[in-house]
Structure formats: structure tokens, C-alpha cells
A.B. asks: 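Take a look at the following structure, please.
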Amino acid sequence: KSSDPTPVLATFSSPWPLAKGGLFDVECRDASTGDGAFLTVASSKGKSISDLPKSFFMDALFSSTGRFSFYGAPTDIKVKKSDVDGSYRFLEIVFSNLSQSTNAEIPRTAIVAATIPEGTDEVVMLVGSSTTNRWKRGAEKSVRDTVGSFKATLAPTSGMKVRAKGSV
């Protein structure tokens, strides 16, 4: 977001294909089940990953412009678990969001892995989720494995210049 952005390399392994189209940034998902994972970034406002309150993550993920808010703001949001492991924060969250096809609230379970790469002020997050019914029937393993594989670090130094989006 700055005029002098810092490149970060984010990696993860996913069983789902990369989603393509104008709606997606970096997202892997199974279109038939809705299981998937996506990257998102939010400013840490100078705080460490362990000092960020749970509300920071809820605001970043469930705002009216958030990934889970396409058809209305999610409801029944609860953080079931929040742990810090080294420079990574892991949260397990349950919530419901509106389904466009059925116009019903669908319970979902998500795992978030978040880190602030050294030298940056941005929280880089990988969010994996599935419907709670699928979670209970085995999707949990795929989501946990995907989110558990997430790493975000400063990109290797090169002679290439990084430009802010929209700059010439």
C-alpha cells in the first residue's frame, strides 16, 4: 500500500486448484464443495502478531467487503481457539454466511494462519475453510494441512523494482 512496497513471498500447498477469474486474488478452491483457502493482507498498525486482539482478525476477515461477505455479513462468529507458535498466529473460527443458491445461513469452520514478515507492518494471512458439515466429515484434515503449510517471508533480494498497484 505504500509508495515503496516490500515484496513478500507467500507459499502453501493445497489440494484444490487455483481459482481463476476477475473475482479472485490468490485463492485455491473446490467449486463443487466450497472448500478452499485464500490469502489476505491487513495492516498490523505497529503491533506484534501476539499483541493483535482477536477483534483485529474478525474485522479483517468479516467486514462488509471481506471475502465471506459477498451476500451479506457473516453471523454467529466465534473464535474457538487462538494460539501463537513462534512468529505465526493460528485461529480456529466458526461462523455462518448466506448462501446465494439456497438463501440460507450455512455454518462454516475456518482456520487462519497469520504472520508479520520481518521488516513489514502487514499481517499476511492464509484462511482455509469448509462448511461445518464437510469439516466434520473429513474436510478438516485438508484445511488444516493446507493452512499448516503456509509460510510468508521477505522475498529474496533482486534487481527488480516492485511498483504499487496502479503506478506507472
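For the single chain, residues carry numbers from 1 onward in sequence order. Note that the coordinates shown come from a computational prediction; the quantities given were computed from them, not determined experimentally.
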A.B. asks: Establish whether Tyr88 and Val127 are linked, either directly or via other cluster members, by ILVMFWY side-chain heavy-atom contacts under 4.5 Å.
C.D. replies: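 Result: no, two separate clusters.
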A.B. asks: Could you check whether any side-chain heavy atom of Thr75 comes within less than 4.5 Å of a side-chain heavy atom of Glu105, counting everything from C-beta outward?
C.D. replies: yes
A.B. asks: Could you check whether Asp35 pairs with Arg134 (Lys NZ or Arg NE/NH1/NH2 to Asp/Glu carboxylate O, under 4.0 Å)?
C.D. replies: yes
A.B. asks: Work out which heavy atom in Ser96 is nearest to a heavy atom in Asp76; give both atom names and the distance.
C.D. replies: OG-OD2, 3.8 Å
A.B. asks: Can Thr131 and Arg108 be counted as having a side-chain donor-acceptor contact under 3.5 angstrom?
C.D. replies: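 No donor-acceptor contact under 3.5 Å links the two side chains.
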A.B. asks: Quick one: are Ser129 and Phe68 in side-chain contact, heavy atoms under 4.5 Å?
C.D. replies: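 Yes; the side chains approach each other to less than 4.5 Å.
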A.B. asks: Can you establish whether the number of heavy atoms outside Lys151 located under 6.0 Å from its atom NZ is more than 12?
C.D. replies: yes
A.B. asks: Do Phe12 and Leu39 make a side-chain contact, defined as non-hydrogen atoms from C-beta onward lying under 4.5 Å apart?
C.D. replies: yes
A.B. asks: Any idea which heavy atoms bring Ala152 and Thr115 closest together, and the distance?
C.D. replies: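 Answer, listing the atom of Ala152 first, then Thr115: CB-CG2, 3.7 Å.
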A.B. asks: Where is the tightest heavy-atom contact between Met125 and Ala114, given as atom of each residue plus distance?
C.D. replies: CG-CB, 3.6 Å
A.B. asks: Salt bridge or not between Arg144 and Glu92? Use side-chain N to carboxylate O under 4.0 Å.
C.D. replies: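 Answer for the salt bridge query: yes.
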A.B. asks: For the residue pair Lys45 and Phe56, would you count it as a cation-pi contact if the rule is NZ or CZ under 6.0 angstrom from the ring centre and within 45 degrees of the ring axis?
C.D. replies: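 No cation-pi geometry.
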A.B. asks: For Leu154 and Thr120: C-alpha separation, side-chain torsions, deciding distance, then whether side-chain contact (heavy atoms from CB on, under 4.5 Å) applies.
C.D. replies: CA-CA 8 Å; Leu154 289 178; Thr120 74; 3.8 Å; yes
A.B. asks: Quick one: closest heavy-atom pair of Thr6 and Gly119, and the distance?
C.D. replies: OG1-O, 4.4 Å
A.B. asks: Between Asp145 and Ser142, do the side chains contain a donor N or O and an acceptor N or O under 3.5 Å apart?
C.D. replies: no
A.B. asks: Please check: side-chain N/O of Ser14 versus main-chain N/O of Thr146, any donor-acceptor pairing under 3.5 Å?
C.D. replies: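 Not confirmed, Ser14 side chain does not pair with Thr146 backbone.
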A.B. asks: Does Asp30 reach the main-chain N or O of Trp16 with its side chain, forming a donor-acceptor pair under 3.5 Å?
C.D. replies: no
A.B. asks: Starting at CE of Met58, measure out to NZ of Lys54 and round the result to the nearest 0.5 Å.
C.D. replies: 9.0 Å
A.B. asks: Are the side chains of Val147 and Val112 in touch, meaning some heavy atoms are under 4.5 Å apart?
C.D. replies: no
A.B. asks: If only side-chain N and O atoms count, and only distance matters, is there a donor-acceptor pair under 3.5 Å linking Thr109 with Thr132?
C.D. replies: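 The answer is yes; a qualifying pair exists.
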A.B. asks: Do you know the tightest heavy-atom contact between Arg89 and Phe57?
C.D. replies: NH1-CE1, 3.6 Å
A.B. asks: Given the rule that I, L, V, M, F, W and Y join up when any side-chain heavy atoms are under 4.5 Å apart, are Leu61 and Val123 in one cluster?
C.D. replies: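 Yes; tracing contacts between hydrophobic side chains, which count when under 4.5 Å, links both residues.
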A.B. asks: Is the Phe150 to Phe90 ring centre distance short of 6.0 Å?
C.D. replies: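 No, ring centres 6.0 Å or more apart.
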A.B. asks: Quick check: closest heavy atoms across Ile77 and Pro74, and the distance to 0.1 Å?
C.D. replies: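 That would be CD1-O, 3.9 Å.
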